[in-house]
Every structure is written in C-alpha cells, then in structure tokens.
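Taking it in order: structure first as structure tokens, then the write-up.
Along the sequence shown, residues are numbered consecutively beginning with 1.
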Amino acid sequence: MELTKRVRTHRSLVLLAVVLALGLVGALARTVLSSQEATQRAVESISGVYLRGLSDQAATQVASDVDDRFRLAERVGASLAALDEPTMEDAQSLLSAEEEAGEYAYLAFHTDDGRRVTSDAVSPVPADRGQQADGASQGRQVALRGSAVVFSCPIDPVTCDGVTITSIMAVCDAAQVSEAHGADLVDGWSHSSMVDADGTCVACGEESSLRVGANAFEVLGGSSSTDGSVAEAVRDGMACGEPRLVTVSTGSGRTYLYLRPIGDSGRYLLTGMPSDLVDASIASLSGVLLGNAIVMGGAVAVAVGACFLVYARFVRRNTRLLAEEKNRAEVAFEQAQRASLAKSEFLSRMSHEIRTPMNGIMGMTSIALDRIGDDEKVRECLEKVTVASRHLMALINDILDMSKIESGRIEIRCEPFDFPTFARALDAVFAAQAAERGIDFRMDVDPGMPPRLVGDALRLNQVVYNLLGNALKFTPAGGRVSLRIERIDDAHAPSGPARGCPRDEGTEPVWVRFEVSDTGRGIKREHFERIFSSFDQGDDETGRSFGGTGLGLAISRRFVEMMGGRIRLESEVGLGSTFTVEVPLAEEAEGSKAPAGPLPAPAARCEGGRGKSGYDFSGARILVAEDNDLNREIAVELLSMAGARVDEARTGAEAVRLFEESPEDLYDLVLMDVQMPEMDGYEATRAIRSLSRADAARVPILAMTANAFSEDERRSRESGMDGHLSKPLDIGRVYATIDGFLKRPPAGGARG
C-alpha cells in the first residue's frame with residue numbers, strides 16, 4: 001500500500017514537471033513572436049521619433065551658431081559704443097581689426113543718413129542694397145548673396161563725427177556657414193540643410209544633395225525617382241510652419257526627410273537620413289530584446305526547476321515529518337492509554353484504600369454504640385476509629401499534595417529551623433513505631449552538622465517521613481531500618497549551581513545527605529524508575545499486599561527536585577533498599593531566630609497528642625466562630641472538657657459583634673472558621689483587628705479550617721490570624737497549640 005502511494009506521488013510530480021515545461025516553452029514562443037511584431041511596428045514609429053530628435057539637435061546647433069554670429073556682430077557695435085567720443089576713423093579701425101580676426105569676410109556699419117562705413121571708406125549704400133539695410137534696422141536678417149551669407153542686425157545708436165550709426169552688416173562665405181551648419185549627426189549618415197521659405201538653400205553639408213543657392217523644391221521635384229508629392233508635402237509644411245516627415249525613394253534606397261522651422265527666423269532645417277540606419281538600430285534593439293527574452297526564459301526555467309526540486313524535497317521532508325508525527329502520536333496515544341489505565345487502577349486501589357478505613361470507622365462506631373456501658377470495649381473501638389481516621393487522612397493528604405504539585409501551587413519556603421530539634425523529632429516518632437513492629441531502628445547524625453539551617457523544614461520532614469514510613473512498612477519484624485544524616489564536604493558536593501535557598505554572597509550551600517536503609521523485601525531493578533511515578537507502586541503484588549496510594553515516593557521526588565536536590569535508589573531483591581536524598585540548604589544568618597519547639601510531624605503521619613491529659617484551660621474564655629453545627633459542637637465540647645468557657649458564633653459577622661460588645665480582655669482566644677456566611681473568617685479577623693480597643697490587636701485568633709495547604713496558612717496570617725489549625729482536627733495538636741497561646745503573658749489586662 002505504501003509503495004503504491006509512493007509510485008502515485010512520483011507520477012504526479014513527473015506530470016507536474018512536464019506541464020510546467022510545456023507551459024514555459026509556449027510562453028517563450030509567444031514572447032518571441034509578439035516581440036517580432038512589436039519590433040516591426042516600432043521601426044515605423046521610432047524612425048520618426050528618432051529623426052525628429054536628430055533634427056531638433058541640428059536645429060538647436062544651427063540656431064545657436066546663427067545666434068553666436070549675430071552676437072559677435074552686435075559685440076562689434078558695443079565695442080564702438082564703449083569708446084569715448086568715437087569718430088568715423090575709430091569705427092573704420094575697429095572694422096579693420098575684426099576683419100583681420102577672420103570671423104567675417106566683410107564688415108560694415110550703416111548710418112541713419114543712408115551711408116555705409118567700411119574699413120577703408122565711407123560711401124552711400126548702393127541702390128540694390130538699400131532695402132537690405134533698411135530691413136536690418138528693423139531686426140536681425142540673414143540673406144544669401146551669391147556665395148556669401150549676409151547677417152544684418154540693429155545696434156545701439158552711436159554718434160561719430162555728427163553721424164549716427166544704427167546697424168551693422170557681417171558677410172561670411174557660404175561654405176564656411178555650411179561647414180558649421182551641415183555637420184554630420186550620426187556617423188556621417190545624417191545631413192542637415194538650412195533653407196529659406198522659398199526653398200533656397202542657405203547652408204548645407206558636403207554630402208547633402210542640396211547645394212548652397214539651390215532650390216529644395218526644384219531638387220525634390222526634378223528627381224526622376226522622387227514622388228512629386230514629396231515636394232508638395234515639404235512646401236505645404238513650410239507654408240503652415242509645421243514639422244513634416246516624408247519618405248524619399250531613390251535608386252539607392254529610401255531616405256527619411258524631416259522638415260522643421262528654425263525659431264521665428266522664417267527659415268527651415270531639412271534633415272535627411274537613410275532608412276537603413278534606423279532599421280538597423282531597431283533591428284539591433286530587437287535582437288537585444290530577443291536575446292533578453294531567451295535569457296529571461298532560461299532564468300525562469302532554472303527558477304521553475306529549482307522550485308520544483310525544492311518542492312519535491314519539501315514533499316519528501318513533509319512525508320517524513322508526517323510519519324514521525326504519526327509515530328509520536330501513536331506513542332503519545334499509548335502513553336495516554338497507559339496513564340489512563342494507571343489512573344483507573346489507582347482509582348480502584350483508592351476505592352479499596354478509602355473503603356478499608358471507612359469500614360473500620362463505621363464498624364467500630366456501630367460496635368461502640370451497641371456496647372454503651374462497656375467502657376473498655378467502647379474505648380477499644382474508639383481507639384481503632386482514631387487509627388482508621390488517621391489512615392484515611394493520610395490518603396487524602398497524599399492525593400491533595402500531588403494535585404497541588406501538578407498544578408504548580410506549592411512553593412518551597414526558606415525559613416530558619418533548629419536542626420537538632422528536627423533530628424530529635426524524627427528519632428522520637430520512628431523509634432517508637434519501629435519498637436511496636438519489632439524492628440531495630442537506628443539513627444546516626446553527623447556531629448559536623450550546623451545547628452541552625454535555612455530551608456523548608458516541613459517539606460524536608462515530609463520527604464524523610466515518607467522514606468522511613470515505607471522502610472518500616474516493607475521491613476518484616478526482626479529487620480533493621482537506619483537513618484543517617486551527614487553534611488557532604490565540598491570536595492564531594494554535587495557540582496553546578498545550587499537552586500536552594502538564597503545565601504549570603506560568597507558563601508557555599510550546605511549540602512545535606514539523608515540516607516534511609518532497610519533490610520526489607522527490596523525492589524526489582526526494572527521498577528526503579530516506576531516507583532517514582534504517580535499512581536505506581538512498581539508491581540501489582542506490592543499494591544495488593546501492602547496497600548497505599550502509590551503517591552508517596554512521587555511526592556517526595558518532586559519536593560526534593562523543587563528544593564534543588566536529588567534522590568537515588570539502590571536495592572537488591574530480598575536484601576533491602578537504600579534511598580539517598582541530597583539537598584542544598586543554607587546556614588542561618590546571624591541575628592535570625594529558629595523555632596524554639598520541636599517541629600511537628602506532617603498531620604497525616606501524626607501519632608496523636610496527649611489528649612486532654614496535662615491540659616487545663618480553666619478560667620479561659622474562648623470565642624468559637626463556626627457555621628457547621630456538628631463542627632461547632634465538637635470544638636465546644638473539646639474546649640469545655642479542658643475547663644474553658646466557650647461562647648459560640650454562627651457567622652463571621654456575629655463573631656465580630658460578640659467581640660465588639662464584650663468587655664475589654666474578656667476573650668483570651670478566638671477560634672475562627674474561614675468559610676462562613678455573611679462574613680468569612682478572613683474578613684471577620686480584619687474587622688476585629690481594626691476595632692478601636694486595646695485587646696483587638698493582641699487577642700490570639702486561630703484559623704480553624706479545612707483549607708490545609710501552606711498558602712492557606714499564609715493567607716490566614718496575612719489577614720491577621722496568629723495560627724492555623726487544619727480540619728479534621730488533631731486533638732492533641734489543637735490542645736498543644738491553644739495551650740501555647742494561653743500561656744503567653746497578655747499584653748495588658750487580665751483574663752476575664
């Protein structure tokens with residue numbers, strides 16, 4: 001099936017490549033044909049534009065040269081005017097000097113009385129040239145006289161010997177003007193001629209078919225190979241004063257002629273150029289365009305080929321990624337199935353674990369009710385109810401701890417604690433439990449341990465309790481369980497940065513090792529990693545034989561990792577196990593104070609307090625705020641059994657009212673539930689603390705709530721409470737906590 005899919009994919013890619021190649025060839029052919037057609041049209045259009053540009057260039061050159069000659073003639077008049085009181089002799093000397101300069105063949109001034117001043121004489125103007133002199137006085141004039149071109153223009157009047165000079169006349173050889181005006185424009189192939197309105201050629205190039213003095217109309221009309229309409233078209237253009245483009249066919253080929261006026265002078269520039277020159281230029285351009293089209297087509301072909309190769313590579317890569325993703329999805333699905341099965345198995349075990357203590361509680365309660373009057377039997381039943389209740393509480397706390405860890409709502413604290421007290425508490429609890437089970441328990445503490453450390457003593461305590469509790473559970477009577485606590489020297493401390501509690505700058509962390517060993521049943525090597533997973537106890541036999549949630553080691557590992565430490569396991573089936581925990585702590589800074597009393601064991605593991613024995617609250621007045629009738633009755637009864645007088649409040653608002661209306665220092669302590677109607681315990685506490693009476697700030701207020709996590713305790717303290725008692729209430733712990741607050745000397749006043 002997979003092979004068939006690959007063959008189909010390959011065929012599709014080949015077909016796509018063929019289609020793209022054919023499309024590219026068709027597009028290239030279409031481009032070539034359209035380029036040729038466009039080139040043919042462009043030859044005709046661009047020829048006119050091209051020739052017009054050449055003509056404009058020649059006209060500009062002619063106009064500029066003519067203007068230069070007029071300015072040169074006017075400069076002669078200006079030079080005469082610049083003389084101080086010039087005379088006719090000065091005028092003749094100036095004309096002589098300019099003629100010797102070679103710019104003009106002949107120069108003459110004209111006076112207002114009709115005389116002509118030349119370099120060698122002053123004489124009347126000839127009759128045939130008087131009209132020219134008069135015309136020159138009216139503006140700039142250019143005329144052809146034989147082989148000479150005459151430039152006449154007015155100048156600023158200059159008086160010499162009582163006679164006023166008004167204009168100047170400059171004569172140039174026609175060949176000299178033609179040489180300047182008929183210059184080759186395009187490598188000798190294009191020539192221009194300047195003609196008058198009557199068609200007379202004023203100036204021309206050497207290669208031009210016109211000669212100076214010849215008539216353009218006669219030349220164009222008299223040629224046997226020229227269409228007579230060409231001369232008419234040129235004549236009509238001159239008459240209208242508009243540019244004209246005509247084609248002249250001769251025996252040697254076609255020639256383009258372009259006629260355009262030269263300013264307002266009444267003369268025209270006639271520019272001719274062989275059509276082959278334009279055609280060759282356009283053909284060259286067409287070849288360039290065709291070459292560019294081929295190059296672009298090749299580039300497009302290469303680009304399309306590259307895109308195809310990249311696409312094919314992406315297809316293969318995506319196919320591979322999809323296969324990998326499919327494998328990952330299958331693995332994830334299998335893991336999810338295993339997790340689902342593990343949770344189902346966990347729920348099954350939890351159902352068994354919860355029902356077992358519940359059965360004991362309900363059964364022993366029924367037996368006690370039936371044996372009312374038999375104090376010994378009732379006491380025995382109640383003791384067993386207490387044991388079952390603590391077991392149930394341990395299960396609940398394990399589940400809640402793991403839930404809080406998974407949701408990230410547990411924070412590791414960094415608080416100072418007394419290490420010898422921490423160690424003594426462990427020894428006292430587990431030595432007693434080991435003795436009851438016939439197990440030898442030994443604890444060895446490194447004498448080099450600092451007396452005061454900073455860290456999360458509660459979580460560390462919980463980790464060690466889990467490890468020691470498991471060691472006692474899986475070790476039979478006659479076995480041995482040991483706990484060794486030592487400081488790891490710097491040479492053997494774990495390398496890398498420690499994520500533990502903050503330390504003074506420059507100080508190293510204190511790495512502490514807790515080693516719990518037993519001679520129990522041991523753990524199979526293939527189960528080393530599994531036992532640290534949630535809801536897993538390594539194998540089914542362990543769960544059936546010893547019970548438990550399968551969460552203790554998972555919780556311990558997460559706590560150790562959150563503290564920046566590590567946990568290891570060494571075990572051999574039938575010989576026992578050794579769990580090693582290494583965590584970084586910090587030494588207590590000078591001036592801080594560690595807790596004075598022993599650290600309590602985790603509530604789920606506590607073996608109970610001293611009960612009523614040893615506690616006497618006689619004379620104490622306590623306010624209990626609790627909305628649940630049964631819980632309030634239990635609290636009132638427990639406090640009354642210890643001799644305290646108790647007032648009851650069913651809401652937070654009622655508790656505030658009772659305290660506000662009571663005499664000052666009436667209440668020695670307040671037990672405050674958190675979740676109550678009208679006003680919760682936090683609000684009620686803040687309300688009491690804000691009252692304007694002395695005892696409102698110093699009366700001890702203890703939270704009494706089912707909210708049992710560290711953040712709940714922190715919230716209680718932030719609201720103004722002094723302590724936190726978690727439900728279900730551990731009677732011994734409740735008595736001990738209340739006794740500690742009642743024994744504190746009041747800030748002022750006496751108990752009421």
Residues that [X] engages under salt bridge (Lys or Arg N to Asp or Glu O under 4.0 Å), provided they are two or more places apart:
X      : value
Arg689 : Asp722
Arg328 : Glu325
Glu324 : Arg320
Arg480 : none

Non-neighbouring partners of [X] that pass side-chain contact (heavy atoms from CB on, under 4.5 Å), sequence neighbours left out:
X      : value
Ser517 : Ser482, Glu515, Thr578
Glu334 : Arg338
Ala431 : Asp427, Phe441
Glu572 : Leu575

*Go through the structure and list residues passing ring pair (Phe, Tyr, Trp, His ring centres under 6.0 Å) with Phe579, not counting sequence neighbours.*
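So Phe579 forms no ring pair (Phe, Tyr, Trp, His ring centres under 6.0 Å) with any residue.
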*Please report the C-alpha distance between Ile488 and Glu582 in whole Å, then the side-chain angles of each, then the deciding distance to 0.1 Å, and finally whether the side-chain contact (heavy atoms from CB on, under 4.5 Å) criterion is met.*
CA-CA 9 Å; Ile488 306 175; Glu582 296 174 344; 3.7 Å; yes
*side-chain contact (heavy atoms from CB on, under 4.5 Å) between Val674 and Tyr682, worked out*: CA-CA 6 Å; Val674 170; Tyr682 301 132; 3.5 Å; yes
Verify, without hydrogens or angle tests, whether [X] (side chain) and [Y] (backbone) share a donor-acceptor contact under 3.5 angstrom.
X      : Y      : answer
Asn327 : Ala323 : yes
Asp456 : Arg413 : yes
Asp446 : Met449 : no
Thr475 : Leu472 : no

Which heavy-atom pair separates [X] from [Y] by the least distance, and what is that distance?
X      : Y      : result
Glu626 : Asn628 : OE2-N, 3.0 Å
Ala471 : Val516 : CB-CG1, 4.1 Å
Val510 : Pro450 : CG1-CG, 4.2 Å
Ser556 : Asn466 : OG-ND2, 3.0 Å
Pro420 : Pro451 : CD-O, 3.3 Å
Leu623 : Ala655 : CD2-O, 3.8 Å

Less than 4.5 Å apart, any side-chain heavy atom of [X] and any of [Y]?
X      : Y      : value
Phe417 : Val454 : no
Leu638 : Val734 : no
Met704 : Leu671 : yes
Glu637 : Ile634 : no
Trp511 : Pro584 : yes
Met672 : Ile688 : yes
Leu483 : Leu426 : yes
Phe419 : Arg452 : no

Nearest 0.5 Å, please: how far is [atom2] in [Y] from [atom1] in [X]?
X      : Y      : atom1 : atom2 : value
Arg568 : Arg566 : CZ    : CZ    : 5.0 Å
Arg316 : Leu321 : CZ    : CG    : 13.0 Å
Phe514 : Ile485 : CZ    : CD1   : 5.0 Å
Leu382 : Thr365 : CG    : OG1   : 7.5 Å
Ile738 : Leu725 : CD1   : CG    : 6.5 Å
Asp518 : Asn470 : CG    : CG    : 9.0 Å

With sequence neighbours excluded, residues passing side-chain hydrogen bond (donor to acceptor under 3.5 Å, both in side chains) with [X]:
X      : answer
Ser577 : Ser571
Asp440 : Arg442
Arg487 : none

_Could you walk me through whether Arg424 and Thr421 satisfy the side-chain hydrogen bond (donor to acceptor under 3.5 Å, both in side chains) test, starting with their C-alpha distance in whole Å, then the side-chain angles of each, then the deciding distance to 0.1 Å, before giving a yes or no?_
CA-CA 5 Å; Arg424 285 196 300 270; Thr421 302; 3.3 Å; yes
*Verdict with supporting geometry, Leu702 and Val670, side-chain contact (heavy atoms from CB on, under 4.5 Å)*: CA-CA 6 Å; Leu702 305 181; Val670 178; over 6 Å; no
_Derivation and outcome, side-chain contact (heavy atoms from CB on, under 4.5 Å), residues Leu669 and Ile701_ = CA-CA 6 Å; Leu669 186 137; Ile701 302 178; over 6 Å; no
*Using a strict 4.0 Å threshold on nitrogen-to-oxygen distance, state whether Glu486 and Arg484 make a salt bridge.*
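Judged by the 4.0 Å cut-off on N to carboxylate O distance, Glu486 and Arg484 do form a salt bridge.
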*Anything under 30° is parallel, anything over 60° is perpendicular, the rest tilted; go ahead and classify Tyr615 against Phe617.*
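Because their plane-to-plane angle lies in the 30° to 60° range, the rings of Tyr615 and Phe617 count as tilted.
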*More than 12 non-hydrogen atoms from neighbouring residues, nucleotides or ligands closer than 6.0 Å to CD on Glu383, yes or no?*
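Yes - once you tally the heavy atoms of other residues, nucleotides and ligands closer than 6.0 Å, there are more than 12.
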*Quick check: are there more than 12 heavy atoms from other residues, nucleotides or ligands sitting under 6.0 Å from CD of Glu330?*
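Above 12, so yes.
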